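Reading through the structure tokens given below for one structure.
All residue numbers in this chain count up from 1 along the given sequence. Small disclaimer: the values here were computed from a predicted structure and weren't measured.
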Amino acid sequence: MKKNYCLHVILLCLGIVYCSHAISPEKFNNLRRSTHSRHERGKEGQVLHRSKRGWVWNQFFVIEEYTGPDPVLVGRLHSDVDSGDGKIKYILSGEGAGTIFVIDDKSGNIHATKTLDREERAQYTLMAQAVERESNIPLEPPSEFIVKVQDINDNPPEFLHETYHANVPEMSSVGTSVIQVTASDADDPTYGNSAKLVYSILEGQPYFSVEAQTGIIRTALPSMDREAREEYHVVIQAKDMGGHMGGLSGTTKVTITLTDVNDNPPKFPQSAYPMSVSEAAVPGEEVGRLKARDLDIGENGLISYRVIDGDGAEMFEITTDYETQEGVVKLKKILDFETKKAYSMKVEASNVHLDPRFISRGPFKDTATVKVAVEDFDEAPMFLEPSYTLEVDENAAEGTYVGRVHAKDPDAANSPIRYSIDRHTDLDRFFSISAEEGIIKTTKPLDREEIAYHNISIIAFELNNRLHEAKVPVTIKVTDVNDNAPEFAKTYEPVICEKAQKNQQILTISAIDKDDSANGPRFLFSLPHEIVHNPNFTLRDNRDNTASIYVGRGGFSRQKQDVYLLPVVISDGGIPPMSSTSTLTIRVCSCNNDGMPLYCDVEPQPLNAGLSTGALIAILACIVILLVIVVVFVTLRREKKEPLIVFEEEDIRENIITYDDEGGGEEDTEAFDIATLQNPDGVNGFLPRKDIKPEFHYPPRDLGVRPAPNSVDVDDFINTRIHDADNDPTAPPYDSIQIYGYEGRGSVAGSLSSLESATTDSDLDYDYLQNWGPRFKKLADLYGSKDTCDADS
């Protein structure tokens, strides 16, 4: 055991010597074999047999980047069974076998045929085997070994970044860390000093320094001022071999920027700032700007301004424009050149954000004086009041004094002022104004009930400058005068039943007054003195601006009197009071058992007939007037001895056309005088027809059935003519009815009368024939057996 332990110790020492002194592998292997030979023989020449054979060595070394003319010997494989007679063949396999590494199959020497790079590959694993050359029978089991590529210093240090950027606050203390730069070396850090790096600063002294082992850059000078210099360029070097001579190196550039801190107060470049502003400027208008300088930037350079003293502190204000860092002076109140022509104030500029580290240096603020001159402006006239409210009584005479407005020139010149009314606000010209004094008067009487308030505008302008003018609103209130009498609040249509009981209430009335309430309510209701003891109706004033009408007696007869007129006197409470008399028309109606009116006319008719008494009277009057006009017209024609039948187109209303057939024209037309129906004299005797020549003569008709001449009625006359027509069917009657050839009862042809045509070419009136429609209808019913009549025509 001791012998084996010693053997291993000796081999380890040889390896160390090999690594330390870079002996060749060949010498090292020879040394190892000689050592093995001595120990294998043991004491006194006794041969020792091992239970397991192995290769002579299982690890080899080869230096990288070898560039000699011959392949470099890596090592030699040798088996104990090899007697040197060439019967043993060595075989090499594994990584790089046959390409990078080759073996001499007789001697077992291994050579590297290519230049190796440890940074590309640090080691290779190979497999060795000894076989009998002729039979290829393995003489020993395969054995694995490693070929390591030995490092040399062939790679310089490289930084992670070609350039670096770093920031450090200005005024930082010495030794403040700025940034750490790091370099790497591709060489083997476990072998020698090829990868041992040392950092140094090549440029940037004396402002910065770098730690040799870590690459941390630190400040080297105190109180570096950004305002003096903001940016620095530093060059850092990394060198291997521990920084010793012969080592490789690499460099990088670092740009270091000093960041700002608030170490400078704002300063005004001048102590006073003159400004000017017109007195016409409005509040909020900019007057001027000033700016304090601050060497700091960003938030450290933000400045706020304020007015701290002076007579202009109430008239002006100052704000900060944060985009330009200027102080903006603005007007706060309206100026008056005539009152004060100049203002002065002290303005302060201070930092918004303060750094406690530098407060001890002094106040971070500054002050300056701002002087503002007020410039004169030719101002428009100014009314003493913003608006005026005046009063005038209604119905006041033309030229009545209403009130006065007054304006002045605010300028020092004090120009004369003239006045006028803006006629766009007084289209009806109710008022006038004196141009020099501003006195307003009426031009016509005013009616409060028509317009209670008049809103006009008065214009004031300088006599020497018409362009400078001002307007003021004037409200003129028309005060009420009791000039309107009260009247019913609405139209009343009271009705009472014939069986109305005494003291039964008919209705309650109220009143209205166009005057103001002071001259209106309360209203007083009463009956006129002459009917105050009216037996039919009574009135009671309810003293609440209403009155009630009651039945004064029981029992009314609609046949005796269907309408009663009741005058009511209404008085107002004005001074002096006004009164009026309004009349109630009370109708007597027939009522049912529940007291509901059924009808109220003299001749019983349903209440829903649709026409009032007044309407029926108007219709009857129109009928009478039409009858009178027709009679006068016929009489005048007879006096002129004109034929009753007119063939000209001068009066189509008296010509009703008859046709022999439905296709006839003018040749088949015969006319008959409709005036015969309205001529009372025609009843006294037989009048021969003027429009036809009779072929046969018939005896005179019986005149006994005709009524007396002085009591002719149209209905009786028509009945007589119907009787005559029945007795003489061959002669056409004097009824001026449209007659057509008989087509049989129920003819579908209908009426062919032209009177219903839609033409509007004629200016004659056909409507008067409509009044005769019902009578023609009655006649047509009698003649239906042989004629077709359009009664509505």
Next on the checklist: For Phe431 and His454, I'd like to know if the aromatic rings sit close, meaning centre-to-centre distance below 6.0 Å.
Outcome noted: yes
Checklist entry - Should the pair Phe316 and Tyr343 be assigned to parallel (<30°), tilted (30 to 60°) or perpendicular (>60°) ring geometry? => result perpendicular
Checklist entry - Is there a donor-acceptor contact under 3.5 Å linking the side chains of Asn351 and Asp294? => result yes
Checklist entry - Closest heavy-atom contact between Arg218 and Gly175? => result NH1-O, 3.1 Å
Next on the checklist: Is the positively charged end of Arg404 above the ring of Tyr388, judged by distance under 6.0 angstrom from the centroid and angle within 45° of the axis?
Outcome noted: no
Checklist outcome for this item: Of all heavy-atom pairs linking Leu354 and Asn262, the shortest is CA-ND2, 3.7 Å
Checklist entry - Is the shortest distance from a Lys or Arg side-chain nitrogen in Glu286 or Arg289 to a carboxylate oxygen in the other one below 4.0 Å? => result yes
Next on the checklist: What I want to check is whether the side chains of Asp185 and Asn155 have a donor and an acceptor closer together than 3.5 Å.
Outcome noted: no
Item to check | Over-ring placement of Arg418 relative to Phe461, 6.0 Å and 45° cut-offs | outcome: no
Next on the checklist: Counting only heavy atoms from other residues, nucleotides and ligands, does the tally under 6.0 Å from NZ of Lys477 exceed 12?
Outcome noted: no
Next on the checklist: Does either side chain, that of Asp409 or that of Asn414, offer a donor lying less than 3.5 Å from an acceptor on the other one?
Outcome noted: no
Next on the checklist: Quick one about Asp393 and Thr479 (side-chain donor to acceptor, distance below 3.5 Å, no hydrogens or angles considered), yes or no?
Outcome noted: yes
Checklist entry - Between Phe208 and Tyr232, how do the two ring planes meet: parallel, tilted or perpendicular, split at 30° and 60°? => result perpendicular
Item to check | salt_bridge(Arg423, Asp426) N-O dist < 4.0 Å | outcome: yes
Checklist entry - So do the side chains of Val147 and Phe101 get within less than 4.5 Å of each other, counting heavy atoms only? => result yes
Checklist entry - So with a 6.0 Å cut-off around NZ of Lys332, is the heavy-atom count from everything else above 12? => result yes
Next on the checklist: For the backbone of Ser344 and the side chain of Asp311, can you confirm whether one donor and one acceptor N or O come within less than 3.5 Å of each other?
Outcome noted: yes
Item to check | Met275 vs Val329 side-chain heavy atoms within contact, under 4.5 Å | outcome: yes
Checklist entry - Quick one: does NZ or CZ of Lys341 land under 6.0 Å from the six-membered ring centre of Phe337, within 45 degrees of the ring axis? => result yes
Checklist entry - Side chains of Thr443 and Glu398: donor-acceptor distance under 3.5 Å anywhere? => result no
Checklist entry - Does Asp428 pair with Lys444 as a salt bridge, N-O distance under 4.0 Å? => result no
Checklist outcome for this item: Closest non-hydrogen contact found for Ile303 with Gln325 is N-OE1, 2.8 Å
